[in-house]
Amino acid sequence: ISFLFPNSIGAASRSSLMSSGYQPEIPKKLEIVETLYSLIVSWTPSPCADLYDVSYQQVQGGQIISEQVNATERPSLTLRDGIETCTEYEVKVTAVIGEEYSEAREKRFATLPLEHQAEMLEVSIASSLNGVLAKW
């Protein structure tokens, strides 16, 4: 029995990796940090990924917003479009190599109310013989 080995042994080239059908690993350690008007999403990179597809939407059926981050950049993205206070979101990060996508790492997150939200309420008070009705 004889085995034939290539002249060199080493890491696969980018083109051979992309044409091999190799599915990238799922990104790990998905973290979400809320700032005043945005969410900062970060994750641990997947080996060999070309880019990351980051999508988010309101859990109650909002529009899906998707952005891509090159793997050569820092593994994070600041989300600003469509972010509202007191709203629950689902965030997904997927690693991509060529046409192959990993499974999505998902996380749900609820944004906090504005710090001075109560000061922005308009209060209406109506009194009657039986009590008081307060609306806001």
Side-chain angles (χ1 to χ4, degrees):
I1 296 178
S2 64
F3 295 99
L4 298 175
F5 292 97
N7 292 340
S8 64
I9 297 177
S13 69
R14 174 69 54 206
S15 62
S16 64
L17 184 63
M18 289 173 60
S19 65
S20 71
Y22 173 77
Q23 185 176 16
E25 289 183 27
I26 185 170
K28 295 178 176 45
K29 296 184 182 177
L30 179 58
E31 295 181 12
I32 301 171
V33 176
E34 184 177 7
T35 65
L36 187 57
Y37 295 107
S38 64
L39 300 176
I40 300 172
V41 179
S42 62
W43 58 91
T44 300
S46 300
C48 303
D50 289 328
L51 55 91
Y52 298 92
D53 186 57
V54 180
S55 62
Y56 61 102
Q57 76 178 102
Q58 292 182 7
V59 171
Q60 297 299 321
Q63 173 188 359
I64 297 173
I65 299 173
S66 184
E67 297 186 42
Q68 292 188 330
V69 177
N70 284 322
T72 56
E73 298 174 18
R74 191 170 149 207
S76 68
L77 182 64
T78 301
L79 309 178
R80 289 187 181 89
D81 293 337
I83 301 297
E84 299 175 11
T85 60
C86 300
T87 305
E88 188 177 16
Y89 291 91
E90 182 176 64
V91 178
K92 297 179 182 180
V93 178
T94 306
V96 182
I97 297 176
E99 299 294 320
E100 299 294 327
Y101 288 73
S102 71
E103 292 182 34
R105 174 72 63 195
E106 301 177 21
K107 193 168 197 177
R108 284 190 173 193
F109 184 84
T111 55
L112 298 172
L114 291 176
E115 189 173 320
H116 302 287
Q117 189 74 37
E119 295 171 6
M120 296 165 37
L121 295 174
E122 293 182 26
V123 180
S124 169
I125 300 176
S127 60
S128 69
L129 293 175
N130 298 326
V132 175
L133 176 64
K135 295 181 184 179
W136 58 87

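Just so you know, these numbers use all the heavy atoms, side chains as well, and skip hydrogens, waters and symmetry mates.
Residues Ser102 and Thr94 approach most closely at O-CG2, 3.0 Å, considering heavy atoms. Pairing each heavy atom of Ala95 with each of Pro24, the nearest pair is O-CG, 3.3 Å. Nearest heavy-atom pair, Leu77 versus Leu79, reported as atom, atom and distance to 0.1 Å: CD2-CD2, 3.6 Å. Minimum interatomic distance between Glu73 and Val69 (heavy atoms only, all atoms of both residues): OE1-CG1, 4.0 Å.
Open room surrounds CD on Glu103; 12 or fewer heavy atoms of other groups in view lie less than 6.0 Å from it.
The closest side-chain heavy-atom distance from Phe109 to Glu31 is not below 4.5 Å.
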For residues 56-68, tabulate all N or O donor-acceptor pairs below 3.5 Å that involve a side-chain atom, not counting sequence neighbours.
from  : atom 1 : to    : atom 2 : distance (Å)
Tyr56 : OH     : Asp81 : O      : 2.7
Gln57 : NE2    : Gly62 : O      : 3.0
Ser66 : OG     : Asp53 : OD1    : 3.0

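With hydrogens and angles disregarded, no donor-acceptor distance shorter than 3.5 Å links the side chain of Lys107 to the backbone of Ile32. With Ser46 contributing its side chain and Glu25 its backbone, the two residues share a donor-acceptor pair below 3.5 Å.
The structure places CG of Asp50 at 6.0 Å from CD1 of Ile97, a figure rounded to the nearest 0.5 Å. With values rounded to the nearest 0.5 angstrom, Glu106 atom CD is found 9.5 Å from Leu30 atom CG. The line from CG of Leu39 to CD1 of Ile83 is 4.0 Å long, rounded to the nearest 0.5 Å. Distance check, rounded to the nearest 0.5 Å: OG1 of Thr44 to NZ of Lys28 gives 8.0 Å. Note that the CG atom of Leu51 and the OG1 atom of Thr72 stand 9.5 Å from one another [nearest 0.5 Å].
Taking Tyr52 as the reference, Trp43 meet the ring pair (Phe, Tyr, Trp, His ring centres under 6.0 Å) condition, with sequence neighbours excluded.
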